[in-house]
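Comments concern the structure below.
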Amino acid sequence: MTAAQDFQLTYSTMFDPPPALHERFEAALTKARAQFGREHPMVIGGRDRVAAQYFEVRSPIDRDWLLGRFPQGSAEDVREAVTAARAAFPVWSATPVARRIALLRRAAELIEERVYEISAAVALEIGKNRMEALGEVQETAELVRWYCDQMEENDGFVRELPNDPLTGFVSRNRTALRPYGVWAVIAPFNFPFALAGGPIGAALVCGNTVVFKVASAAAWSGALLMAAFRDAGLPDGTLSMVTGAGATVGNALIGAPGIAGATFTGSYEVGMGIVRTFAAGRWPRPCIAEMGGKNAAIVSRHADLERAALGIMRSAFGLQGQKCSACSRVYVERAVAAELRERLVALTSAIAVGDPTERSNWMGPVIGAATVKRYLDAVARLRESGKIFAGGERLTDGALERGHFVAPTVATAPANDPLWHDELFAPLVLLDEIASVDAGIARANASDYGLTAGFYGAPDEVPNFLARIEAGVTYINRPQGATTGAWPGYQPFGGWKASGSTGKAIGSFWYLPLYLREQSRTIVD
């Protein structure tokens with residue numbers, strides 16, 4: 001907790017915010033609006049980099065709001081960033097662990113000190129409500145601190161081993177985890193701070209240098225994140241940021257021969273493309289690919305239905321369903337299906353949709369026109385072969401017409417409809433009735449994805465669910481969110497199957513070693 005706040009921002013604070021939180025956010029929002037339209041540079045080798053062409057970032061809340069202009073980076077910019085990172089790697093990797101930790105803890109402090117100003121920008125740029133924006137930015141500081149703590153508690157991942165039992169010699173053995181080199185971090189638009197700052201912090205504290213490619217829709221957030229790391233005092237070249245189209249800058253970064261490893265968060269198709277590229281080179285390179293989800297909640301006849309409906313609503317429509325952990329499928333036992341549906345429809349119909357920077361609105365816009373089209377195509381399909389219980393329309397009243405607003409939607413579809421399996425990344429949840437919890441588990445596991453899953457039921461039903469469900473993150477009887485809401489140090493976050501390439505989770509005890517490779521050392525005196 002810094003001097004800037006007299007209370008701690010945590011996941012719990014999101015559900016019981018003190019008045020001072022709103023006052024500080026409103027003040028930061030005014031400051032953020034005053035920054036509209038500015039040009040922001042890339043940062044390569046510690047220096048600002050401009051470009052011949054720029055792209056605009058406009059708010060999904062109102063397309064008339066020009067948030068900023070950013071360089072349309074090139075393959076040459078990527079090459080120079082990788083070259084700078086390679087040049088910085090020998091010194092950074094040899095920097096004492098305690099010094100690396102100190103610099104990264106300073107970066108976390110700066111993020112926390114700037115949490116309101118950054119969160120206001122995130123809300124305007126991504127369309128998050130103020131609580132979700134504040135939660136993400138604070139979570140980023142906590143992730144960086146967590147990785148620093150883990151590096152410290154594990155003594156830099158160096159372990160003494162028994163000496164060889166040799167007569168006449170002293171053979172000393174140890175194992176050490178060592179950094180790979182230059183690490184690429186490619187971040188998504190939906191969590192532009194946490195899913196960039198977390199991997200950047202992990203890679204850096206382990207001794208890697210980093211080239212960071214921000215999602216174009218979240219370039220303002222990326223620039224603010226870069227500023228926090230830069231202002232912490234990192235040596236030049238240790239961290240660079242490039243902006244621009246994925247087809248140009250992203251592909252150049254993944255294809256750069258100087259990249260030793262990568263962390264990617266985004267779609268299955270792109271993630272698997274990177275995994276395959278990294279496996280097909282002169283030698284395999286590590287790729288931490290965090291990919292999509294088609295997350296299910298299973299509701300037993302013994303469930304607390306009030307709790308289940310609230311948790312499903314929060315996870316289905318938080319950030320407009322644009323979370324890889326969003327709840328998009330619900331399987332409910334037939335005996336309680338009608339009551340759960342009635343409760344969920346009532347909660348969904350009561351959601352206030354509008355400018356998410358306003359305190360009264362819980363749900364904001366989707367990120368862009370392509371998402372609106374994807375949502376409307378799904379709605380049209382449901383009107384033909386399924387049934388819509390709530391929502392199912394684009395919202396255009398008044399100022400909403402200038403943004404990308406759609407209604408939160410509860411529906412059902414035939415069991416063989418692709419909407420049960422394809423990630424939509426929009427505010428739409430499907431419900432279906434099941435004969436038993438086991439049948440629901442089987443339906444949930446039928447997806448290629450395996451990120452998060454929720455269960456509502458009796459205590460004696462929980463062990464079976466946990467033993468059989470194929471998901472990396474599970475939540476039981478949780479009203480705060482059926483499938484969403486991980487917090488560093490409390491819920492590690494990572495997927496199985498098509499949702500993740502490593503089987504290890506963000507913010508867990510097992511995450512940092514993914515950025516390190518083992519070296520066995522035997523020294524004979």
Side-chain angles (χ1 to χ4, degrees), residues 43-46 78 81-82 84-95 97 99-108 111 140-152 154 156-157 177-188 191-214 222 225-226 228-230 232-242 253-254 256 258-265 274 278 285-290 488 493-494 500-502 504-518:
V43 179
I44 296 176
V78 171
V82 174
R86 291 189 70 184
F89 174 70
V91 173
W92 180 247
S93 61
T95 299
V97 171
R99 175 61 179 160
R100 296 203 302 260
I101 289 172
L103 288 170
L104 289 164
R105 282 183 173 152
R106 177 56 183 154
I111 291 169
T140 308
E142 300 301 334
L143 280 168
V144 174
R145 289 190 181 114
W146 171 265
Y147 298 138
C148 289
D149 291 347
Q150 290 301 302
M151 197 70 176
E152 195 169 60
N154 285 281
F157 292 96
L177 297 188
R178 301 290 299 142
Y180 280 90
V182 181
W183 204 272
V185 172
I186 301 178
F191 283 87
F193 239 74
L195 294 181
I200 289 170
L204 290 174
V205 80
C206 289
N208 301 285
T209 54
V210 175
V211 178
F212 161 44
K213 194 250 180 240
V214 65
L225 177 64
M226 182 68 203
F229 279 107
R230 194 180 189 184
L234 293 175
D236 290 350
T238 305
L239 173 63
S240 293
M241 182 189 75
V242 292
L253 185 56
I254 292 305
I259 293 294
T263 298
F264 166 83
T265 308
I274 297 173
F278 274 32
R285 292 173 289 167
C287 177
I288 304 170
E290 302 290 345
F493 185 83
S501 64
T502 68
K504 304 299 187 296
I506 297 165
S508 81
F509 299 101
W510 326 118
Y511 186 69
L512 278 189
L514 298 175
Y515 293 84
L516 297 158
R517 50 188 174 180
E518 188 169 14

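The structure displayed is predicted, hence computed values, not measured ones.
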Nearest heavy-atom pair of [X] and [Y]: which atoms, and what distance?
| X | Y | result |
| --- | --- | --- |
| E142 | P488 | CB-CG, 3.9 Å |
| D236 | G45 | CB-O, 3.6 Å |
| P179 | G207 | CB-C, 3.6 Å |
| T502 | C287 | CG2-O, 4.1 Å |

Does atom CZ (R230) have a neighbourhood of more than 12 heavy atoms from anything else shown, all under 6.0 Å?
yes

Could you give the distance from [atom1] ([X]) to [atom2] ([Y]), rounded to the nearest 0.5 Å?
| X | Y | atom1 | atom2 | value |
| --- | --- | --- | --- | --- |
| M226 | L234 | CE | CG | 7.5 Å |
| K504 | L512 | NZ | CG | 13.0 Å |
| I200 | L104 | CD1 | CG | 10.5 Å |
| F264 | K213 | CZ | NZ | 10.0 Å |
| I259 | Y180 | CD1 | OH | 14.5 Å |
| N208 | T263 | CG | OG1 | 9.0 Å |

Are R105 and E152 close enough, and set up right, to give a salt bridge (charged side-chain N to carboxylate O under 4.0 Å, His left out), and what steps lead you there?
CA-CA 12 Å; R105 282 183 173 152; E152 195 169 60; 3.0 Å; yes

Residues that Y515 engages under ring-ring contact (aromatic ring centres under 6.0 Å, His included), provided they are two or more places apart
W183, Y511

Apply side-chain contact (heavy atoms from CB on, under 4.5 Å) to A81 and list each qualifying residue two or more places apart in sequence or on a separate chain.
I44, V211, S240, V242

